[in-house]
Amino acid sequence: MSEVDRLVAAARDGDARSTARLISLVERGAPELPEIAAALGGDAQRAHILGLTGSPGVGKSTTTNELVRAYRQDGKRVGVLAVDPSSPFSGGAILGDRVRMQEHATDDGVFIRSMSSRGHLGGLSAATAAAVRVLAGVGCDVVLVETVGVGQAEVEIASLADTTLVLLAPGMGDAIQAVKAGILEIADIFVVNKADRDGVDATVRDINGMIALGERAAGQWRPRVVKSVAARAEGIDDIREAIGDHWAYLEKSGELRRRREERAAAEIEALVLGRMRARMGTLRGGHALSELAVKVAAGAVDPYAAAEELLSDLV
Ligand SMILES: Nc1nc2c(ncn2[C@@H]2O[C@H](COP(=O)(O)OP(=O)(O)OP(=O)(O)O)[C@@H](O)[C@H]2O)c(=O)[nH]1
Ligand SMILES: [Mg+2]
């Protein structure tokens with residue numbers, strides 16, 4: 001049995017260290033990557049991937065922790081990736097998440113991992129996608145991806161998810177922020193957390209107003225709005241119900257297959273382009289591009305002819 005097969009088998013038996021090792025290998029683009037993908041096989045596609053996103057401190061980790069508890073009560077295996085696109089290091093806020101999720105630390109049905117923007121081949125979202133596939137492939141039924149901050153990285157990472165939850169809190173101007181950051185388009189479920197605070201109903205009204213403005217085809221999912229007080233475990237059942245409804249919609253409408261095929265296409269394309277770029281870097285001792293560039297700059301060849309020449313050498 002190869003080392004990779006051994007790791008995958010141990011990880012499937014619930015050995016967290018083997019899972020961690022596999023994730024480390026895929027996130028830094030180790031040479032074993034194709035072998036790992038083959039060992040994980042079709043299982044890598046079978047989890048329900050949940051994305052949780054929202055401003056710092058809105059309650060993502062607290063909510064994640066409660067969702068993990070609920071899924072564990074149903075006997076599901078759960079993976080959690082806490083992704084911080086703003087931080088070059090794992091630590092800080094994410095360390096706090098670790099503490100917050102301590103109650104699951106000794107449960108071998110739960111795997112928790114932090115990821116930051118440092119040192120990933122192809123960027124954080126590619127590394128996150130690879131880590132999600134490992135978790136699904138070793139037997140997680142549900143994978144929760146928590147991303148902090150409001151911005152493009154978060155939108156990108158959320159696009160890995162089958163179901164995206166956007167968390168907001170009352171009175172933070174979050175509803176407006178969400179529109180600006182393009183969050184509205186990615187949210188399948190809005191969770192207005194900290195509903196123990198003033199202004200919840202106004203925030204819910206704002207979001208519903210924005211949803212009403214959006215255009216949807218007949219039968220298309222209309223984003224759900226749910227209130228919660230994650231710190232007191234209130235509203236978690238409502239969140240789960242919304243998640244379940246969205247999953248049912250995804251399956252019934254064919255949207256699940258469509259989204260996954262779209263992601264797969266993007267991934268294959270990225271792999272092919274990456275390989276072509278690598279091969280281009282080795283053509284004629286690594287000088288193919290610069291030699292052509294000299295000719296184009298001197299007016300001896302036009303850029304289109306140069307590109308055709310390079311392409312014909314690559315394929
Ligand atoms: N009042 C109130 N506080 C809450 C609620 N949910 C979470 N909190 C508190 O809000 C703080 C931040 O919660 P986290 O779950 O760490 O928030 P987060 O979104 O994961 O934060 P980052 O990962 O740092 O962006 C903690 O002190 C929580 O106890 C809630 O429903 N009501
Ligand atoms: Mg957090």
Side-chain angles (χ1 to χ4, degrees), residues 49-71 78-105 110-118 124-125 128 131-132 142-158 160-161 163-175 177-178 181 183 186-187 189-204 207 224-243:
I49 305 161
L50 303 177
L52 268 92
T53 192
S55 303
V58 74
K60 297 179 294 296
S61 299
T62 311
T63 305
T64 297
N65 192 50
E66 292 304 323
L67 287 171
V68 169
R69 190 207 313 266
Y71 284 118
V78 187
V80 178
L81 294 172
V83 182
D84 188 349
S86 62
S87 158
F89 308 109
S90 303
I94 279 173
L95 211 62
D97 295 341
R98 277 275 165 91
V99 174
R100 212 150 284 133
M101 295 186 213
Q102 198 68 47
E103 66 167 284
H104 303 299
V110 181
F111 181 89
I112 299 170
R113 168 92 167 202
S114 312
M115 296 177 74
S116 64
S117 56
R118 189 180 48 175
L124 186 58
S125 53
T128 308
V132 165
V142 180
V143 178
L144 288 129
V145 182
E146 175 190 337
T147 39
V148 73
V150 170
Q152 200 49 45
E154 164 198 30
V155 171
E156 231 175 71
I157 288 163
L160 299 173
T163 300
T164 299
L165 293 92
V166 171
L167 271 67
L168 308 164
M172 285 170 64
D174 263 7
Q177 290 281 347
I183 293 284
I186 61 161
I189 299 164
F190 286 97
V191 178
V192 183
N193 189 44
K194 305 199 180 182
D196 50 332
R197 294 199 175 162
D198 289 344
V200 198
D201 293 330
T203 303
V204 170
I207 300 165
R224 201 69 70 77
V225 186
V226 184
K227 290 191 272 190
S228 67
V229 184
R232 298 204 299 251
E234 290 170 22
I236 303 303
D237 288 345
D238 295 334
I239 298 175
R240 280 207 53 193
E241 189 183 310
I243 293 170

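Nothing fancy with the numbering, it's 1 onward along the sequence. Indexing begins at 1, ligand by ligand and atom by atom, following the structure's order. Here the structure is a predicted model, which means the values were calculated and not measured.
Considering backbone and side-chain atoms together, Thr63 places no N or O closer than 3.5 Å to any N or O of ligand 1. Between Gly57 and ligand 1, at least one N/O pair is under 3.5 Å apart. When only interatomic distances are considered, the shortest N/O to N/O separation between Gly59 and ligand 1 falls below 3.5 Å. Between Ala195 and ligand 1, no pair of N/O atoms sits closer than 3.5 Å.
Across Asn65, Leu67, Val143, Val68, a single residue satisfies side chain to side chain contact (heavy atoms under 4.5 Å, CB included) together with Val80, and that is Val68.
Looking at Arg232 against ligand 1, nothing comes within 4.0 Å, counting heavy atoms. Heavy atoms of Val229 found under 4.0 angstrom from ligand 1 belong to the backbone as well as the side chain.
Looking only at N/O/S atoms, Glu146 comes nearest to the Mg ion (ligand 2) through OE2.
Compare Thr62, Val191, Val83, Asn65 by their heavy atoms: the one nearest to atom 7 (C) of ligand 1 is in Thr62.
Within ligand 1, the atoms closer than 4.0 Å to a non-hydrogen atom of Pro56 are 25 (O), numbered from 1 in the order shown.
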Would Leu52 and Leu144 satisfy side chain to side chain contact (heavy atoms under 4.5 Å, CB included), going step by step from the backbone distance to the final call?
CA-CA 7 Å; Leu52 268 92; Leu144 288 129; 3.4 Å; yes
Intermediate values then yes/no, side chain to side chain contact (heavy atoms under 4.5 Å, CB included), Ile189 and Thr163:
CA-CA 8 Å; Ile189 299 164; Thr163 300; 3.9 Å; yes
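For Glu146, the heavy-atom gap to ligand 1 drops under 4.0 angstrom.
Between Lys227 and Asp201 a salt bridge is recorded (basic side-chain N to carboxylate O distance below 4.0 Å).
The nearest N, O or S atom of Thr64 is not closer to the Mg ion (ligand 2) than 2.8 Å.
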